[in-house]
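Following: one structure in structure tokens, then a few remarks.
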Amino acid sequence: MDALANSTLINAPQLNWIETQWESMYEGRNPLLVTGIFAFLMHEIVYFGRFIPFLICDFIPYFQKYKLQENKENSNEDYWNCTKKVLYAHFVFEGPLIFFFHPMATILGMKVSAPFPALTHMAVQIAIFFVFEDFYHYHMHRFMHWPPFYKKVHKVHHEYAAPFGIAAEYAHPIETMILGFGTVGGPLIYHACSSLLFDMGPAWDLHLATMLVWIVFRLFQAIDAHSGYDFPWSLCHWVPFWAGAEHHDYHHQAFIGNYASSFRWWDYLFGTDVKYRAYRKRQAEEKRKLKMN
């Protein structure tokens, strides 16, 4: 009996500090409430926290040269109005969806307990989530510019022609639910395929920790894309197919084209970035002429 107990202890996975804290957070508590509260608080902290650096830049003259629409300035009233409506949407619409995710995902077999997946597995899964979300977002976003739908739903998101970070989730509740499926539905479809369809083994199963890391990356992407700034160190200057603010800001400025969220390839393949590329080409030519003079 002692030998069996010792063997079990030896074979039990050794948890690191973060995994130990994770287990302590759930111990003796309702997992639905723990996941819901933790995920919601994380969402709010990351969402508004990521916006703060861009907000600070708005008040520092040096950074104004990096603004994509230098002639348009958002007022304090714009920021406050957007913040109030986004917070309302978070508590009334997104909050319940976040709480609903846990039971839905655990029915499909999503793992919650430690240990966490290997970083390599998490990286591959998150890359898959990005590709799926971008594909879904491109087609649904393009559909949302169908005049009847745009007028009643998507027009809300286009209230700010010169967007700023927290305007990323400033949208009609119907749009929030439709586009939100790209973020939440992708991982669920992946898990159903990896575990039920292809039986890739437990190492490739979806884990809640992977889902939360994915949400953080997705929030960073959305807020950056709506920041209104294009810095020399912005990711699109290092990864050519990354969209970023430089790509998405034109969509808000022109109200058409550049429908993808993270990558440039769908707009390029379907020809919905033609006007954008012509516009940027004219801009580059004008800057070149100014330097020559």
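Side-chain atoms of Q221 come within 3.5 Å of backbone atoms of S261 as a donor-acceptor pair (strictly under, hydrogens ignored). A donor-acceptor pair is defined here as one N or O able to donate and one able to accept, closer than 3.5 Å; no such pair exists between the side chain of Q64 and the backbone of E70. Looking only at distances, a side-chain donor or acceptor of W214 sits under 3.5 Å from a matching main-chain atom of T183. At distances below 3.5 Å, not a single donor-acceptor pair connects side-chain atoms of K72 with backbone N or O atoms of Y160. Between the side chain of D78 and the main chain of S75, a donor-acceptor pair closer than 3.5 Å is present. Judged by distance alone, with hydrogens and angles left aside, the side-chain atoms of D249 form no donor-acceptor pair with the main-chain N or O of Q69 at under 3.5 Å.
Separation of the Y138 and F270 ring centroids falls under the 6.0 Å cut-off. Aromatic pair F181/Y136: ring centres closer than 6.0 Å. Aromatic pair Y170/H226: ring centres not closer than 6.0 Å. Between H139 and F135, the ring center distance clears the sub-6.0 Å criterion. Aromatic ring centroids of H145 and H251 lie under 6.0 Å apart.
Residues S234 and Y66 bring no donor and acceptor atom of their side chains to less than 3.5 Å of each other. D224 and H248 are not linked by any side-chain donor-acceptor pair at a separation below 3.5 angstrom, with hydrogens and angles left out of the test. Looking at Q253 and Y276, their side chains never bring a donor and an acceptor atom within 3.5 Å of each other. Looking at H157 and E175, their side chains never bring a donor and an acceptor atom within 3.5 Å of each other.
A pairwise comparison of heavy atoms in A260 and D134 identifies CB-OD1, 3.5 Å as the closest pair. Across all their heavy atoms, V86 and I166 have their closest contact at CG2-O, 3.5 Å. Taking each heavy atom of A114 and E23 in turn, the nearest pair found is N-OE2, 2.7 Å. Nearest heavy atoms, G228 versus A245: N-CB, 4.4 Å. Across all their heavy atoms, D230 and C236 have their closest contact at OD1-SG, 3.8 Å. The two residues F99 and I37 make their nearest non-hydrogen contact at CZ-N, 3.6 Å.
Applying the side-chain hydrogen bond (donor to acceptor under 3.5 Å, both in side chains) test to pairs two or more places apart or on separate chains, those with a residue in residues 188-211 are Q125-Y190.
For the pair F54/Y229, a side-chain contact is recorded, criterion being any heavy-atom separation below 4.5 Å from C-beta on. Counting only heavy atoms from C-beta outward, the side chains of R264 and D273 never approach each other to under 4.5 Å. Side-chain contact check for L108 versus M110: every heavy-atom pair is 4.5 Å or farther apart.
Using cut-offs of 30° and 60° on the angle between ring planes, the pair H158 and F255 is tilted. Between F231 and W233, the ring-plane angle classifies as parallel under the 30° and 60° cut-offs. Ring geometry for H90 versus F48: interplanar angle over 60°, hence perpendicular rather than tilted (30 to 60°).
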* **Stepwise side-chain contact (heavy atoms from CB on, under 4.5 Å) test for W22 and I18** => CA-CA 6 Å; W22 177 272; I18 296 175; 5.5 Å; no

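A continuous path of hydrophobic side-chain contacts links F241 to Y259 [ILVMFWY only; heavy atoms under 4.5 Å].
Crowding of Q283 atom CD: a count of heavy atoms from other residues, nucleotides or ligands under 6.0 Å exceeding 12.
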